[in-house]
Amino acid sequence: MIYDFELLSDTAILGNMFFASTIFITLTITRYSNLDKLIRDSRDEIEKGVVKFINQDEYSSHITNYKDRLIMLQKILFLSCSGGVCICTCFVMVIFKLQIAAVLFFTVCIILFVLSLVLLVIEISISFRALNEHLSIMRILRHKLFK
C-alpha cells in the first residue's frame, strides 16, 4: 500500500481539513434550518389560508420539492458529520503515529466529503427548480394583478 504519512503529519493539511469540515457541516446545518423554517412557515400559511394552490399537482410538486431537499440534506449531514469524525480520528492516529490508520481515515474523510458535496449540488439544483416554479407562478399572478 502506498501512503504518505509525512504529508499528513508534517503539514497543515489536517488542520485545514478540520476547519473545512466544520465549515461545511455548519453550512449544511444552516441550509437544513432554513428549510425547516420554510416548511413550518408554509404549513402555517396553508392552514391559515394565506397560500392557495391552483390544483392538486401544484400542491404535490410543492411537497415533493420539500421532501426531496430534506432527504438530500439528511444524507449530506450524515456524510459530512461522518467525515468530520474521520478527520478527528485521523488526528488521533497521527498523534499515536499509527501511519496506515491515519492515512486510511483521511482517505475515507475525503471520500465522504466528496460524496456530500455531490449531494449538495443535487440539493441546490432541487432548490433552484422549486424557485423557478415559484417565479413562474409569480409571473402568472403579475399578469392577473396588473391587467
Side-chain angles (χ1 to χ4, degrees), residues 1-48 50-54 56-142:
M1 180 178 186
I2 298 173
Y3 61 91
D4 193 353
F5 179 72
E6 286 76 27
L7 184 65
L8 286 180
S9 61
D10 294 340
T11 63
I13 288 176
L14 279 178
N16 290 335
M17 275 302 297
F18 178 78
F19 288 110
S21 66
T22 56
I23 290 168
F24 185 73
I25 291 168
T26 303
L27 167 85
T28 306
I29 290 171
T30 302
R31 287 192 67 79
Y32 173 80
S33 296
N34 288 340
L35 181 61
D36 177 52
K37 182 174 179 353
L38 184 62
I39 290 171
R40 290 177 194 274
D41 290 348
S42 293
R43 188 191 73 202
D44 289 343
E45 290 175 354
I46 291 168
E47 287 175 348
K48 292 176 183 174
V50 175
V51 174
K52 302 203 185 296
F53 295 96
I54 297 170
Q56 181 69 28
D57 290 337
E58 183 186 357
Y59 179 77
S60 295
S61 174
H62 191 74
I63 298 301
T64 300
N65 283 328
Y66 282 163
K67 182 180 154 209
D68 290 347
R69 287 184 64 199
L70 193 59
I71 289 168
M72 281 295 153
L73 285 170
Q74 178 185 14
K75 290 176 183 178
I76 294 165
L77 195 53
F78 174 77
L79 290 171
S80 60
C81 286
S82 298
V85 168
C86 284
I87 200 71
C88 290
T89 305
C90 182
F91 268 115
V92 172
M93 298 300 145
V94 167
I95 290 169
F96 290 113
K97 299 196 185 307
L98 299 170
Q99 299 171 350
I100 295 174
V103 172
L104 182 67
F105 276 103
F106 185 78
T107 303
V108 171
C109 169
I110 296 296
I111 291 168
L112 291 172
F113 278 119
V114 167
L115 290 173
S116 60
L117 284 169
V118 168
L119 290 179
L120 182 64
V121 169
I122 294 169
E123 188 271 331
I124 289 172
S125 71
I126 293 169
S127 177
F128 283 143
R129 184 179 69 217
L131 287 172
N132 279 326
E133 288 175 15
H134 286 292
L135 282 175
S136 296
I137 293 168
M138 290 174 67
R139 284 184 190 110
I140 292 168
L141 291 174
R142 180 185 67 191

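The shortest heavy-atom contact between F18 and C88 is CE1-SG, 3.7 Å. Residues I87 and S21 share a closest heavy-atom pair of CG2-OG, 3.9 Å. Considering every non-hydrogen atom in both F106 and C90, the closest pair reads CB-SG, 3.8 Å. Residues F113 and M17 share a closest heavy-atom pair of CD1-CE, 3.9 Å. The shortest non-hydrogen separation linking A102 to V94 is CB-CG2, 3.9 Å. Counting all heavy atoms, side chain and backbone alike, T28 lies closest to L73 at CG2-O, 4.1 Å.
Between F105 and V85, every side-chain heavy-atom pair lies at or beyond the 4.5 Å cut-off. Residues I46 and F53 meet the side-chain proximity criterion, which asks for heavy atoms closer than 4.5 Å. With contacts defined as side-chain heavy-atom distances shorter than 4.5 Å, the pair L119/L115 does not qualify. Using a 4.5 Å heavy-atom cutoff, the side chains of V51 and S42 are not in contact. When side chains are defined from C-beta on, I54 does not count as touching Y59, because their heavy atoms never get closer than 4.5 Å. Residues L120 and L27 form a side-chain contact, since some pair of their non-hydrogen atoms from C-beta on lies under 4.5 Å apart.
Atom OG1 of T89 is separated from atom CG of L104 by 10.5 Å, given to the nearest 0.5 angstrom. For the atom pair CD1 (I126) and OG1 (T64), the distance works out to 10.5 Å, reported to the nearest 0.5 Å. Here the OG1-CD1 distance, from T30 to I23, works out to 11.5 Å after rounding to the nearest 0.5 Å. Atoms CD1 and OH, on I76 and Y32 in that order, are 13.0 Å from each other to the nearest 0.5 Å.
R129 is linked by a side-chain hydrogen bond (donor to acceptor under 3.5 Å, both in side chains) to N65, counting only residues two or more places apart in sequence or in another chain. Checked against side-chain contact (heavy atoms from CB on, under 4.5 Å), I39 has the following partners two or more places apart in sequence or in another chain: L35, Y66. Not counting sequence neighbours, the partners of K37 by the salt bridge (Lys or Arg N to Asp or Glu O under 4.0 Å) test are D41. With sequence neighbours left out, R139 forms a salt bridge (Lys or Arg N to Asp or Glu O under 4.0 Å) with no residue at all. When the salt bridge (Lys or Arg N to Asp or Glu O under 4.0 Å) test is applied to D44, no partner is found at least two apart in sequence or on another chain.
The list of side chain to side chain donor-acceptor pair (under 3.5 Å) pairs with a residue in residues 67-86, not counting sequence neighbours, reads R69-E123.
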